[in-house]
Amino acid sequence: MKKILDWKKYAEAARRVVAEGCVLVENKDNVLPLKKGTKVAVFGRIQHNYYKSGTGSGGMVNVSDIYGITDGLKNSARVKVDEELENVYLEWEKENPFEVGIGWGQEPWCQKEMPVSKELASDCASRDDAAVIIIGRTAGEDKDNLETEGSWYLTATEKEMIKNVSEAFEKTCIVFNTGNIVDMNFVKEFNVKSVLYAWQGGMVGGLGVSDILTGIESPSGKLTDTIACSIKDYPSSANFGSLKDNVYAEDIYVGYRYFESAAKDKVLYPFGFGLSYTDFEINAGDFEFDNSGNLPRVKFDVKVKNTGKVSGKEVVQIYVKQPQGKLGKPALVLADFKKTSLLKKGKTAKLNFEFDISRIRSFDDTGVTGNIDSFVCEEGTYEIFAGNSVRNISKIGEFTLDELIVIEKVSDALKPVVSFDRMKAVLDKNTNTISFENEKVDAAAPYQNRHRNENLSELDNFTERTDLDQDVLSVIKTLSDEELSCIVRGEGMGSPKVTAGTAAAFGGVSKSMNDKGIPCCCCTDGPSGIRMDSGAQAFSLPNGTCQACTFNPELVKDLYEFTGWEMVYNKIDILLGPGINLRRHPLNGRNFEYFSEDPYVTGVFATANILGLHSAGVTGSLKHFCCNNQEAGRWVSNSVVSARALREIYLPGFEMAVKNGADVIMTSYGSVNSMWTSGNYDLVTMILRKDWGFTGIVMTDWWAMTNDEGKEPVRFNIAQNVRAQNDLYMVVPDAAENSHNDNTLTALSAGELTRTELLRSAYNTVLFLKKSHAQARLENRDIEVIIKNRKKTAMDGATDKIEYFETYDGLSIPLDHVDTSRGKSYSFGIVTKDKHFYRMELVGKTGDNDLAQVNVSVSYNGVNVAVLCWNGTHGAYEAKGLTMDRPLSRNTVLNLYFAQSGLTLKEFKITKVKDNE
Ligand code: BGC
């Protein structure tokens with residue numbers, strides 16, 4: 001069977017997502033759209049250095065081209081870009097090149113900006129009609145955004161540019177090419193008229209942004225975060241960044257749940273807000289409350305009329321005001337949203353809504369309502385509002401519950417083991433205002449081992465169970481202990497058993513397992529497209545922020561179907577994404593990958609990603625489960641968080657995606673309530689599998705640490721991962737070698753891990769593999785994907801110019817002159833007349849970051865044979881290498897591709913290990 005993947009249509013789908021994801025937050029005097037024939041002066045160096053994504057694993061997609069915002073404007077026939085000004089920038093950039101930084105987690109979050117004098121600004125204003133100022137920021141893995149100029153704040157040069165340009169031009173629009181929101185106080189300071197958040201839109205991002213700037217499309221994106229007056233106003237600020245115990249004292253009052261309850265005056269731009277080029281009127285239609293079914297439900301419609309002058313789309317958001325009850329509640333909670341289709345001026349759309357009260361459930365983690373560990377809706381009146389931001393709403397109906405309703409009782413899981421104070425909302429009945437008081441959260445006695453031991457008997461006669469897949473059971477029964485220890489180890493990075501340069505291989509990683517019909521599965525990052533550190537190129541996608549701001553999950557799902565087929569083309573089965581951690585604080589470095597401060601929005605877009613990939617028979621791994629809400633100390637920090645905040649805020653995004661079919665999950669690096677998530681029985685078994693019914697696979701994050709209850713965490717504690725039902729430890733160099741001396745088999749013989757627990761994880765994995773493309777590949781029946789309309793990649797011809805070195809016993813080739821910056825490659829040749837077996841090693845050093853992933857992909861005569869990975873070497877040279885399992889050819893060309901900057905190379909060593917008899 002064949003499938004055509006049309007690259008042109010793929011790019012168009014991404015462009016639409018970018019356009020709909022743009023959020024216009026200011027537009028005084030109708031600065032935008034730029035009218036037909038506008039002469040536009042583009043300021044800001046980002047005009048030539050568009051950020052397609054953030055940094056780290058979520059940004060490492062190699063692309064053939066990047067279309068930035070200036071490219072988009074220049075491609076548009078509607079406007080004319082001032083080339084004289086562009087040339088000024090090009091000249092300046094020669095002396096001030098883009099700074100790539102020194103590798104993993106150490107890229108600068110902002111670039112030096114060209115100073116714009118009053119003279120330059122007014123010179124341009126004398127010949128141009130409007131100005132666009134592009135300001136960029138990146139951020140990413142292993143380092144948070146900073147509360148400094150150049151990250152959260154504008155730099156002095158940027159401010160001066162904004163001031164001078166806004167004063168000289170009547171029409172100035174500031175465009176943010178960022179992953180995340182930034183401080184917005186400059187708007188008042190400089191009387192800025194127009195601001196567009198354009199986010200990081202992937203490789204065709206600039207085309208989508210230009211569709212908005214030039215008015216081809218009217219903006220319809222909405223903020224998925226609250227932009228507060230000051231970074232200090234976010235309620236998690238007091239604890240954000242703590243490296244050891246990070247206390248979630250704000251509890252469920254994250255984002256608008258906090259601001260709308262008791263700090264309305266601290267908001268500059270509310271959650272859900274975004275302007276359009278047209279106007280809409282939102283009116284209530286019929287409203288019905290139906291109490292006859294299992295759970296009471298509401299059914300209503302909302303009419304949206306385009307009362308403005310151009311076509312556009314509007315997002316109708318439904319918020320609920322709940323009775324404060326005994327638990328205390330946020331003033332408003334988002335219960336649903338829908339986007340209209342494109343409405344012509346004067347036209348009206350009717351949007352139908354229907355949901356039951358489980359959408360507005362609260363979690364009782366103390367028993368104050370008499371229903372401990374239960375989702376409940378307390379008695380009282382529920383008011384429903386509709387509007388186009390959390391601030392611009394009107395009441396469309398209400399209903400009353402005469403008594404509390406228990407929605408669901410769940411397990412008594414993952415409670416804090418230390419006591420702390422959390423915020424609780426209290427309503428002043430006289431003034432009808434909410435304020436916060438402290439409520440003590442009690443410490444639970446240790447429970448993780450107890451829960452595992454209490455449930456162990458469920459595994460009796462596991463392989464004889466009739467409710468399980470019989471084919472899978474019959475395969476796993478034949479696995480030896482040795483094979484079982486291999487199936488819980490993922491191999492990587494860059495395992496030669498799967499697509500070159502990818503993050504991991506797992507499943508049938510040995511011939512004996514392949515012979516039993518278990519295929520080897522391939523997974524790679526994610527989320528911003530396919531990461532192949534071999535240098536192979538792929539499509540890079542708009543980031544998570546941009547996707548969610550569309551409030552259009554259907555559009556995002558369609559885009560991910562293309563990505564799915566691209567994965568099939570590249571023989572990749574799991575994309576390591578979407579990243580769906582809650583945006584607890586704006587300074588989290590990886591916010592660009594995530595969707596929102598709201599769990600419902602998060603769940604909707606996680607589902608859209610997964611279902612899109614499922615359309616092509618591949619899937620994504622929801623990550624990072626859970627509470628990866630900051631990058632600082634992400635592998636050591638312990639989130640101290642109440643069961644209520646977990647169940648209402650940090651888990652529902654995962655829960656919704658799981659209940660909608662997500663089948664792979666990656667745990668996070670850190671700890672939640674003193675148990676590292678990779679081996680957290682309550683999280684992975686009690687909540688994920690028992691409460692939510694998940695039957696897929698769980699994997700650790702790369703080289704994650706795991707602790708036994710009450711103990712310090714260590715790497716390669718695979719026994720505890722498996723006990724918790726985390727099926728795959730990611731990653732080891734070779735699963736069969738056990739080069740890290742992990743404890744899988746020793747724990748098994750010591751009786752600390754049962755064979756059945758290993759079998760249970762093997763079952764999860766093999767069941768998943770059974771329906772995968774990997775299985776079809778093993779059986780030579782996979783779909784062939786043909787890509788059309790894609791231009792040739794820049795990797796073509798990378799090995800054209802090479803120097804040859806002759807060897808017999810071995811030799812050392814100095815490589816200290818080699819440029820190892822990200823994206824570069826270096827090729828050289830080896831001539832060996834006698835074709836012996838050799839070991840090859842690269843000697844290099846990196847910095848201090850233990851979790852850095854500085855990867856060099858080694859190709860041997862065009863075939864990738866290894867991806868060598870340096871973590872932090874703290875400045876000491878380390879040799880990484882491989883022993884070839886075949887004699888070296890007489891003439892061998894080796895290509896080194898540097899997937900990430902940050903490595904200083906010393907030499908390449910080749911040593912004979914065996915004669916070729
Ligand atoms: C990141 C994950 C990523 C993995 C593999 C880790 O550093 O946290 O999100 O999928 O590396 O690259």
Side-chain angles (χ1 to χ4, degrees), residues 53-62 103-107 139-144 179 490-495 498-499 501-506 522-534 538 541 543-544 567 572-581 588-595 606 609 619-637 654 664-670 676-678 697-705 715 726 728-733 822 846 849-855 857 867-872 899-900 902:
S53 68
T55 67
S57 61
M60 293 172 72
V61 181
N62 304 307
W104 183 270
Q106 299 191 57
E107 297 91 344
E141 192 164 342
D142 255 331
K143 192 173 102 178
D144 288 311
E491 285 187 5
M493 304 181 83
S495 166
V498 289
T499 304
T502 53
F506 70 89
C522 177
C523 54
T524 202
D525 292 306
S528 71
I530 300 173
R531 167 186 175 189
M532 289 176 284
D533 289 354
S534 60
L541 297 159
N543 71 8
M567 287 166 65
I572 292 164
D573 308 290
I574 303 172
L575 192 71
L576 300 175
I580 65 167
N581 293 101
N588 180 12
R590 285 182 97 171
N591 277 350
F592 78 96
E593 296 182 49
Y594 306 152
F595 294 125
N609 276 218
T619 193
S621 173
L622 306 176
K623 68 187 187 185
H624 310 85
F625 193 50
C626 65
C627 292
N628 196 63
N629 300 315
Q630 65 182 50
E631 286 298 293
R634 62 181 171 151
W635 58 96
V636 287
S637 145
F654 289 95
V664 184
I665 287 204
M666 181 195 294
T667 48
S668 55
Y669 279 128
W676 266 252
T677 58
S678 61
I697 45 175
V698 183
M699 60 178 69
T700 68
D701 200 342
W702 269 231
W703 313 290
M705 298 198 289
R715 292 220 169 108
N726 195 332
L728 283 162
Y729 180 82
M730 295 296 197
V731 284
V732 300
R822 165 168 162 66
T846 60
N849 188 338
D850 284 339
L851 287 176
Q853 298 168 11
V854 185
N855 287 352
S857 163
V867 174
L868 306 177
C869 178
W870 278 259
N871 302 129
Q900 174 62 269

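Both counts, for ligands and for their atoms, begin at 1 and track the order of listing.
The structure places CZ of Phe654 at 8.5 Å from NE2 of His624, a figure rounded to the nearest 0.5 Å.
Ligand 1 has an N or O atom lying under 3.5 Å from an N or O atom of Glu141, backbone or side chain.
Residues Trp703 and Met493 meet the side-chain proximity criterion, which asks for heavy atoms closer than 4.5 Å. You'll find the side chain of Tyr669 reaches within 4.5 Å of the side chain of Trp702, heavy atoms only.
Of the heavy atoms in Met60, none comes closer than 4.0 Å to ligand 1. Contact annotation for Arg590 and ligand 1: only side-chain heavy atoms (C-beta onward) come within less than 4.0 Å of the ligand. At a heavy-atom distance under 4.0 Å, no atom of Met730 approaches ligand 1.
Near Lys623, meaning under 4.0 Å from any of its heavy atoms, are these atoms of ligand 1: 2 (C), 3 (C), 9 (O), 10 (O). Listed by number with element, the atoms of ligand 1 under 4.0 angstrom from any heavy atom of Ser57 are 1 (C), 2 (C), 3 (C), 9 (O), 12 (O). Close approach to Met666 involves these atoms of ligand 1, each under 4.0 Å from a residue heavy atom: 10 (O). Close contacts of ligand 1 with Arg531, meaning ligand atoms under 4.0 Å from a residue heavy atom, involve 12 (O). Counting atoms of ligand 1 from 1 in the listed order, those under 4.0 Å from a heavy atom of Met493 are 12 (O).
When each of Asp525, Thr502, Asn62 is checked for a side chain to side chain donor-acceptor pair (under 3.5 Å) with Arg531, only Asp525 meets the rule. For the side chain to side chain donor-acceptor pair (under 3.5 Å) with Ser57, the qualifying choice from Glu593, Arg590, Gln900, Gln853 is Arg590, the only one to do so.
Of all heavy-atom pairs spanning Pro527 and Leu541, the tightest one is O-CD1, 3.7 Å.
Within the 3.5 Å criterion, the main-chain N or O of Ala503 finds a donor-acceptor partner in the side chain of Thr524. In terms of modelled atom types and a separation under 3.5 Å, the side chain of Asn726 and the main chain of Ser678 share a donor-acceptor contact.
Residue contacts with ligand 1: Asp701 is included, with a non-hydrogen atom under 4.0 Å away.
Closest protein heavy atom to atom 11 (O) of ligand 1: Gln853 NE2, 2.9 Å.
Relative to atom 3 (C) of ligand 1, the option among Asp525, Leu575, Leu576, Thr502 with the closest non-hydrogen atom is Asp525.
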